[in-house]
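Residue numbers begin at 1 in each chain, while the letters A, B, ... track the order of the sequences.
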Amino acid sequence: MTAETGTADMGRDFIRDIIQADLDAGRAASVVTRFPPEPNGFLHLGHAKSICLNFGVAREFGGKCHLRFDDTNPVKEEQLFIDSIQRDVRWLGFDWGENLYYASDYFEQLYAWAEHLIETGHAYVDDTPPEAMRAQRGTLTEPGQNSPFRYRTPAENLDLFRRMRAGEFPNGACVLRAKIDMTSGNMNLRDPVLYRILHAHHPRTGDTWCIYPTYDFAHGQSDAIEGITHSVCTLEFEDHKPLYDWLIGHLPVPAQPKQYEFARLNVSYTVLSKRILTTLVRDGHVSGWDDPRMPTLAGFRRRGVPPAALREFVSRVGVARANSVVDVAMLDSAIRDTLNPVAPRRMAVLRPLKLIIENYPEGQTETLEAINHPDHPALGVRPITFGREIYVEQDDFMENPPKKFYRLSPGKEVRLRYGYFVTCREIIKDDAGQVTALRCTYDPATKGGNAPDGRKVQATLHWVAAADAVEAEVRLYTHLFARPDPGADGDVMADINPASLDVLTGCLVEPALASAATDTTVQFERTGYFVADPDGIRERPVFNRTVGLRDTWAKVQATGR
RNA sequence: UGGGGUGUCGCCAAGCGGUAAGGCAACGGAUUUUGAUUCCGUCAUUCGGAGGUUCGAUCCCUCCCACCCCAGCCA
């Protein structure tokens with residue numbers, strides 16, 4: 001199954017065990033799940049976990065997964081988000097087919113059920129002001145007090161509720177509450193609000209309603225209407241389950257869906273809170289919802305992270321009920337693992353250092369051949385230009401190298417990938433003493449990178465020819481937050497990493513990169529994975545670093561110094 | 001001091017009474033025209049703690065400890 005669908009095998013978890021058991025015992029004939037986002041922001045990594053779980057489970061068990069917008073709060077929801085969510089779910093690799101729904105599609109039915117609750121004496125209209133209601137609700141350790149409006153007759157409640165719908169009252173004047181138990185240890189059962197007055201324009205229903213159902217009243221009933229068999233949500237809704245069941249049990253709904261909870265995803269150095277992500281966008285800390293540093297699906301897409309990498313990551317993390325914080329290194333690893341076998345290799349010099357090959361004929365250039373992928377000959381080769389002047393990475397040269405430095409240094413010979421062996425002969429510095437160029441000699445016999453005499457070099461450097469290199473801008477991104485647990489000290493914004501973006505200009509890339517597609521992540525050899533950003537123009541492409549290559553040398557430098 | 005949850009390697013996470021999977025990270029070593037990849041190898045006598053039941057417990061019982069969620073007319 002997993003093999004033929006080509007998706008990551010999520011393995012086994014308690015949700016799948018429950019579903020399997022329900023299927024085996026005949027408690028469910030088939031599986032129907034749903035992914036229920038509220039359209040008040042962009043989808044992020046946390047949603048990816050839920051999407052992979054809900055759609056993945058449906059696919060694995062031959063069932064279906066609905067995409068249902070939980071659009072019950074018009075003051076926060078927008079069409080822009082409804083559109084972005086659909087795009088992102090598809091991008092992640094899932095399809096809801098004909099099953100696109102909106103909780104707002106059920107407003108009329110939900111309203112009818114609300115009247116049913118009133119008629120059966122299980123709901124009442126309460127005029128208590130918000131502050132007073134909060135006081136009456138009691139605390140975590142003290143029971144609440146019954147509202148004085150709790151004893152209104154069904155007839156009176158029905159009249160009031162209809163007038164609420166008719167728009168006779170202003171926002172906040174009253175609400176419809178379920179009549180359950182003000183002394184319950186579960187706060188959700190202390191006569192929860194079912195409907196509130198909101199004179200607001202809804203992106204779907206416009207101005208036809210001025211009262212809207214709350215999450216609790218809309219969610220479970222929507223599940224029942226759609227025949228959802230397994231309503232999977234995160235742990236914080238666990239306390240809502242008794243209410244979810246109470247409503248299902250007191251209403252003439254067509255099905256009895258069951259809710260199951262799993263732990264939401266947390267990742268180190270990252271924030272997965274729609275509220276905070278919204279703030280980052282709103283206050284301009286990032287360029288937008290799709291800023292490559294954002295943990296949003298749109299952000300990952302722009303950063304060059306393939307959807308398969310996200311699926312792989314989610315699969316590796318697993319599904320359980322224990323709160324945890326996944327090391328962001330696990331994400332990077334999943335990204336590298338999915339990119340490495342498919343990303344075309346290219347050469348790009350981020351911080352150029354000119355290298356003049358003295359014994360190479362002036363004005364001459366030649367064409368060499370570079371392999372597109374070391375493990376896949378089928379991906380072919382491409383021509384690259386070699387000439388008297390080329391550029392290498394500044395990091396690949398050291399005037400006074402430490403013992404373990406394999407790269408270029410005075411008198412040392414290295415290989416230019418797919419080119420020749422070159423030896424550093426002389427350092428050229430400016431008045432300030434900065435190295436501006438290196439004079440080298442090359443060995444004509446080593447064309448292609450092999451020495452006929454079997455001579456070895458310790459390093460192979462990437463490079464670009466001055467003759468046809470294309471100038472580019474490269475944006476290096478690192479964690480948006482400076483600490484593994486942003487906000488742990490109270491203020492998340494104070495933990496924003498001021499160095500999360502390093503813009504490099506004057507970078508030189510091989511010509512093949514001039515017209516790189518924004519949806520194909522490539523590997524800049526020895527540097528990392530990069531993708532063209534839409535900001536780039538033909539004459540001056542822009543690249544975003546998706547993730548760097550594992551760098552053992554950097555580690556050696558950092559520790560063994 | 002109310003209700004609901006969770007505690008297995010540095011980080012995730014299997015395990016469901018028979019004597020601790022796997023991944024990430026880390027650390028060795030081999031290969032390498034990317035100090036990448038790949039490849040071998042090391043990495044929990046121990047499962048929050050203390051008792052108990054049992055021939056035998058991470059899995060069952062009791063008590064204790066720690067952490068998370070809940071007092072929106074948000075979802």
Side-chain angles (χ1 to χ4, degrees), chain A residues 11-13 17 36-38 40 70 72-73 75-76 126 128-130 133-135 137-144 171-177 183-190 192-198 211-212 214-216 218-219 233-242 261 263 265 268 274-275 313 315-334 336-337 340-341 345 347 370-371 374-375 404-407 415-419 421 446 448-450 457-462 484 523-528 548-556:
Chain A
R12 221 52 201 187
D13 54 64
D17 287 343
E38 180 191 13
N40 66 344
D70 232 326
T72 59
N73 186 0
V75 319
K76 290 187 175 178
D126 193 339
T128 307
M133 194 178 291
R134 194 182 317 130
R137 188 151 31 229
T139 69
L140 296 178
T141 54
E142 304 161 37
N171 288 355
C174 51
V175 296
L176 179 73
R177 290 226 262 174
T183 70
S184 173
N186 182 336
M187 302 297 287
N188 294 116
L189 262 24
R190 319 244 267 222
V193 171
L194 268 24
Y195 266 92
R196 73 285 212 190
I197 297 172
L198 249 32
I211 59 172
Y212 292 89
T214 55
Y215 162 84
D216 287 307
H219 203 88
C233 61
T234 43
L235 252 30
E236 64 269 30
F237 290 100
E238 202 159 12
D239 290 343
H240 292 248
K241 183 152 55 184
E261 316 82 19
L265 176 68
S268 61
K274 238 194 286 188
R275 197 195 98 246
F313 168 67
S315 165
R316 293 183 187 185
V317 168
V319 179
R321 287 177 63 87
N323 292 109
S324 60
V325 180
V326 177
D327 190 337
V328 71
M330 218 193 270
L331 209 210
D332 293 340
S333 170
R336 291 193 193 100
D337 287 354
N340 177 51
R345 308 288 122 127
M347 292 208 282
I371 291 166
D375 306 328
K404 304 274 280 181
F405 189 77
Y406 302 157
R407 283 106 99 146
R415 170 169 42 230
L416 292 178
R417 177 143 239 220
Y418 304 125
F421 280 15
T446 58
N450 287 306
V457 290
Q458 275 190 122
T460 297
L461 312 186
H462 59 280
Q523 182 194 96
F524 284 0
E525 295 213 50
R526 302 210 310 132
T527 306
L549 249 32
R550 188 170 272 105
D551 191 345
T552 307
W553 169 237
K555 206 181 306 177
V556 171

OP1 or OP2 of [N] under 4.0 Å from side-chain N/O of [X]:
X      : N     : result
A:T139 : B:G2  : no
A:R321 : B:U6  : yes
A:T527 : B:U34 : no

Could you please name the option among [options] that lies closest to any side-chain atom of [X]?
X      : options             : value
A:K555 : B:A75, B:C73, B:C27 : B:C27
A:R526 : B:G3, B:C12, B:U34  : B:U34
A:R134 : B:A71, B:C73, B:G5  : B:A71
A:R345 : B:G5, B:U34, B:C73  : B:U34
A:M330 : B:A75, B:C24, B:C16 : B:C24
A:R316 : B:G23, B:G2, B:G4   : B:G23

Legend entry - Chi-angle category of B:G49 [syn within 90° of 0, anti beyond]: anti
Inset, instruction - Grab the two heavy atoms, one from A:R316 and one from A:S333, that are nearest each other, plus how far apart they are. - result: NH1-OG, 3.2 Å
Roughly how many Å apart are [M] and [N], using the [atom1] atom of each and rounding to a whole number?
N     : M     : atom1 : result
B:C69 : B:A44 : C1'   : 30 Å
B:G7  : B:C59 : P     : 12 Å
B:U34 : B:U46 : C1'   : 42 Å

Inset, instruction - Could you check A:L331 against A:A263 and say which one's nearest nucleotide on RNA chain B is further toward the 5' end? - result: A:A263
Legend entry - Pair partner, B:U31 [Watson-Crick or wobble, under 3.5 Å]: none
